[in-house]
Amino acid sequence: MSVRVRFAPSPTGFMHVGNARTALFNYLFARHHGGDFVLRIEDTDTERHSEEAVKVIYEALRWMGLDWDEGPDKGGPYGPYRQSERLDIYREFIEKLKEKGLVYECYCTQQELDQMRKEQLERGEPPRYTGKCRHLTEEEKARLRAEGRKPVLRFKVPEDRVIRFKDLVKGEIEINSRQLGGDFVIVRSNGMPVYNFVVVVDDALMKITHVIRGEDHISNTPKQILLYEALGFETPQFAHLPMILGPDRSKLSKRHGSTSVKEFREKGYLPEAFTNFLALLGWYPKDGKEILSLEELIERFDIKDVNSAPAVFDTTKLNWMNQVYIRSYPIDKLTELVIPYLEKAGFDLSAFDRKWLERVVEVSREYFTVLSDAPHYMEVFLKDDFEVEEDAKGFISENPDRLRVIELFYGKLKAFEGELTEEAFKKLVKEVGKELGVKGKNLFMPIRIGLTGKMSGVELPVLAELLGKERVLRRLENSLSKLRG
RNA sequence: GUCCCCGUCGUCUAGCCAGGCCUAGGACACCGGCCUUUCACGCCGGCGACGCGGGUUCGAAUCCCGCCGGGGACGCCA
């Protein structure tokens, strides 16, 4: 039987990195085995969900390069792929459970349940539903209905049964049915079925062979296994991925800073780096190669190599990886990605030639960690009327020779005929040094300051050639006036 | 509270299932040096971990037990 996995997020309006990793691992598993990757939207909690939120999921997945074979937008043989559109299907299976006598109506109110839980906790007992409504007579039900109460449907959990399953990541797990918290709700009082039920129906009907999801679902698994059995479905294989933790070792959440895929995208992480980094959170390739393309990840991915210990989400390594990817990215693509950041920073790029801009990106990218660093490092190429920084001013005023270097260089350049290539620039600087008897830092730094107003930056000859004679002259005039004044 | 899961450098991890090859390997970060007439890159080097205690064994990071620590789940959320 061929492998079928699914990613089943609920559209909350943002895609958490934990979800992103779950999606990735499902995708890698499917592609590695030549199977199908299904996208299903879990929106039974209707009030919370919107179309916009579904779009967020699509965008995150597409950005990461994870393409799905079946889904709400694509269709497929086991649709619909949105739970809110599958209500008739669920109804059918709920009827089945009713016929088998495996469910019953419960009329307890929210307040009653809360009260019960509170008392149990106070007594030091684990909170659980006691089965109070399990044996209501028809008359009692009628009376409760007359009070205006609307029942939920609860599933009868067997008294004392050990439920076992083999988790592909964690190994054998067993739990006694007594620990499940009592008979659980499968249909809300408003008629809407609940996660633990629909997930089973959907996974079974969609022929999902492997359920790969976060570790926080481990405790749901026994309940779901009970439902698979009650409905006469074959249980799939389970693989529970270790949690992703914040720096304080608690479950990663918004208070830990950036946790949504969108934020990483906006900061200027490349999807390749982000995906690569996520893959290494809880998984490690046998050959130890860490920089891996999606194809290479697919090739190497094995669910058996997934670590069972949780991983702390620390973006330090992601930063490094992003640099690695930035440096090897196709320059035209990188330029395309960088442009929005430059425009957002207020640079008018219309005056610049595309090829020239690519050259600038090429020499600047060595300095970027994230794409949003681009304006900072590229400014030196884009803006001629800069300020001279304080430390640079200080450096010049320390020694009168230093200002003279700029002045002489300016004069020589003005008189210079021809194109200002790297070679020509070096030659001119050398002449200045010779005539003034200045070398090293005392020679180069004033020229750097004259050209950029700063004490550090890209290599000067490269900068000079890219700017061209006219712009260099203008810059020297600019900084000279500021240094003298 | 109860149950479940987990515990190797600061972080991601290799090794653990099939005990000796582990004086515990790699990567990131950090520190130092080299390179560079700046910064960064790059190169070289350094720092740095088997949670604790018992067993089993000639030998344990690896197997067993206990403890401690961390996390998760206990919803008419998913």
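The structure presented is a predicted model; accordingly, all values stated were derived computationally and were not measured. Within every chain, numbering begins at 1; the chains are lettered A, B, ... in the order of the sequence lines, protein sequences first and strands thereafter.
The aromatic rings of W68(A) and Y58(A) sit parallel, their planes meeting at an angle under 30°, below the 60° perpendicular limit.
For L121(A), taking side-chain heavy atoms from C-beta onward, the closest of the listed nucleotides U38(B), G1(B), G7(B) is G1(B). In this structure, the nucleotide among C6(B), C28(B), A78(B) sitting nearest to the side chain of Y195(A) is A78(B).
In this structure, G48(B) makes no Watson-Crick or G-U wobble pair, since no nucleotide meets both defining distances under 3.5 angstrom.
Separating the CG atom of D202(A) from the C1' atom of A78(B) is a distance of 13 Å, rounded to the nearest angstrom. For W320(A) and G26(B), the CH2 to P distance is 15 Å, given to the nearest whole Å. One can place CZ of R161(A) at 20 Å from P of C3(B), the figure rounded to the nearest angstrom. Spacing between atom NE2 of H240(A) and atom C1' of C5(B) amounts to 11 Å, rounded to whole angstrom units. In this structure, Y325(A) places its OH atom 17 Å from P of A27(B), rounding to the nearest Å. Between the CG atom of D287(A) and the C1' atom of A27(B) there is a distance of 13 Å, given to the nearest Å. Rounded to an integer number of Å, the gap from R117(A) CZ to G75(B) C1' is 5 Å. In this structure, R365(A) places its CZ atom 16 Å from C1' of G42(B), rounding to the nearest Å.
In this structure, V169(A) and L252(A) both approach RNA chain B, and ranking their closest nucleotides by distance from the 5' end singles out V169(A). Comparing P126(A) and S456(A) by the nucleotide of RNA chain B whose heavy atom lies nearest to each, the residue mapping closer to the 5' end is P126(A).
Donor-acceptor pairing under 3.5 Å, judged by distance alone, is absent between the side chain of Y367(A) and the base of C41(B). Taking 3.5 Å as the limit, the base of G75(B) and the side chain of Q110(A) contain no donor-acceptor pair of atoms between them. Not a single donor-acceptor contact under 3.5 angstrom links the side-chain atoms of S219(A) to the base of C4(B).
The pair K170(A)-E215(A) meets the salt-bridge criterion, since a charged nitrogen lies less than 4.0 angstrom from a carboxylate oxygen. A salt bridge links E42(A) to R40(A): at least one charged side-chain nitrogen sits closer than 4.0 Å to a carboxylate oxygen.
Nucleic acid contact class of E459(A) (heavy atoms, under 4.0 Å, all strands): base. Base contact: N220(A) has a heavy atom under 4.0 Å from a base atom.
In this model, the phosphate group of A73(B) is approached by a side-chain N or O of K251(A) to a distance below 4.0 Å at OP1 or OP2.
The ring of F29(A) has its center closer than 6.0 angstrom to the ring center of H210(A).
Using modelled atom types, no side-chain atom of N307(A) and backbone atom of W283(A) make a donor-acceptor pair closer than 3.5 Å.
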